[in-house]
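Note that ligands are numbered from 1 as they come in the structure, with each ligand's atoms numbered from 1 the same way. Just so you know, residue 1 is the first one in the sequence shown, and it goes up from there.
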Amino acid sequence: ETLDATGLHLLPGAIDVHVHFREPGYTHKEDWRTGTEAASMGGVTTVFEMPNTNPPTRSVAELRRKQDCAQKACVDFGLYGLMAEDNVAELEALAAAGANAFKCFMGNTFGNLPSPSTGAMLEGFEIAAALGLRVSLHAETASIMAWRQARLEAAGLDHPLAHIGARPEIVAIEAVGRAAALAEWTGARIHVLHISSAGELVPLADAKRRGVDVTGETCPCYLMLDSRDYARLGPVIRVNPPVREAKDSAALWDALRSGVVDMIATDHAPHTPEEKRRGRIWDADCGFPGVETQMPLMLTAVNEGRITLEDYVGMSAVKPARAFGLWPMKGRIAPGAHADIAVVDLARRETVAADRLHSRGRITPFEGVETVGAPVHTLVRGRLVQRDRRLVEGVAGWGRQVTDIQRMPAPRPRNADQSLRALLAGGRP
Ligand code: DOR
Ligand code: ZN
Ligand code: ZN
């Protein structure tokens, strides 16, 4: 069988460092087959999967269980180990068992994992720095959130924008600033997930200026939706952190172009239509699928002249590969790189429709959006997993964990001049 690519373009397959594939525990929302099939349809050849499954991925046994679940993946994947209050002692073993990065939930979200104290984060960051693994942060401060939510609940929570009110941008600004201070002190590499506001860009840019190894991502919903969409979309738009104001999306586009925000990820967070439409916005589960629609939505932005195609390759593949240690094997089309390729038709017109998504979460805030540009074939390490906008049969299990190709960066020097560890080992402060 030959593949005709007349008039088409080659892009490195997208590397989405932020997906929730729900298995084990919530397979009515997604599993490793449906999640990776959605990725292959979206031109995404590597995903990094989050630990807020049931059970959460917080010990070696739980990581092994997830590796078993992921046996049926058709695209390559990395796995996050949880960094929580009660598993700091497990982090080294998690890394040895193949965790590719750590995820720290500074604020509460789906899965109800408690946020670690700043002290536990400090210790976790020291360990991650020594291991050379990046720590990705859900950067929202739990205590501010709880306080605001309680005030709003007392007042009735009725306003459609109360979801923003309970999570004002200060919730994220405070968390980004605090995480950056800990990273600077410990030498940890960090990644700020789902940047949603103009405000967060200030501590992010400042930390970069100070030399902290910090990267940041935003997601299509924060670029393409804003507070004017709440009335139209109702509970479907509910996501943590929330979609904010038009001034925020404008600042995020600028930050992507300037490089302050490094990459696009999706926070692919599928829930069933019933779980999204339970009534008021407060009753809906947070998040929606995204791994399948990211590339068509962002190629539309390329066609509109908002970003260049080169910018897009940087934010979808090059920079995620560098940040998470996959460079130079993935994230580029060049001699020696894996043939992880999205073959795109930059002129292809499609309309986003939930009932055509391959995710189990068949509901999207982008319903009805017309896109220009789509991946018409997807290759993972040279093998076609999507062809002519259809899944290829028999590719379940082709996906591999990236552990064996990941280049662990050298440990980062610490700024810390004393550590608890040294004290406990009998050293002097
Ligand atoms: O909206 C969200 N959904 N935000 C998160 O941080 C978690 C995610 C999920 O797992 O559903
Ligand atoms: Zn999150
Ligand atoms: Zn997430």
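- Between the side chains of E37 and S40, no donor N or O sits under 3.5 Å from an acceptor N or O.
- Taking the ring axis of Y230 as reference, the NZ or CZ atom of R238 does not stay both within 45° of it and closer than 6.0 Å to the ring centre.
- Applying the side chain to side chain donor-acceptor pair (under 3.5 Å) criterion to S117, with sequence neighbours excluded, gives E85.
- Listed by first and then second residue, the salt bridge (Lys or Arg N to Asp or Glu O under 4.0 Å) pairs that reach into residues 43-65 are E49-K66, R58-E62, sequence neighbours excluded.
- Looking at N100 and Q406, their side chains do bring a donor and an acceptor atom within 3.5 Å of each other.
- The environment of R151 atom CZ is sparse: at most 12 non-hydrogen atoms of other residues, nucleotides or ligands sit within 6.0 angstrom.
- Here R278 does not pair with D283 in a salt bridge; the nearest charged N to carboxylate O distance is not below 4.0 Å.
- Each of H20, H28, R22, E30 was compared with H271 under the side chain to side chain donor-acceptor pair (under 3.5 Å) criterion, and only R22 meets it.
- Among the candidates I173, T218, V192, I195, the single residue satisfying the side chain to side chain contact (heavy atoms under 4.5 Å, CB included) test with L201 is I195.
- Near ligand 1, residues H20, R22, N52, T109, F110, H138, H194, V239, N240, D267, A269, H271, C286, G287 each place a heavy atom inside the 4.0 Å sphere around the ligand atoms.
- Note on the Zn ion (ligand 3): protein N, O or S atoms under 2.8 Å away count 3, no waters included.
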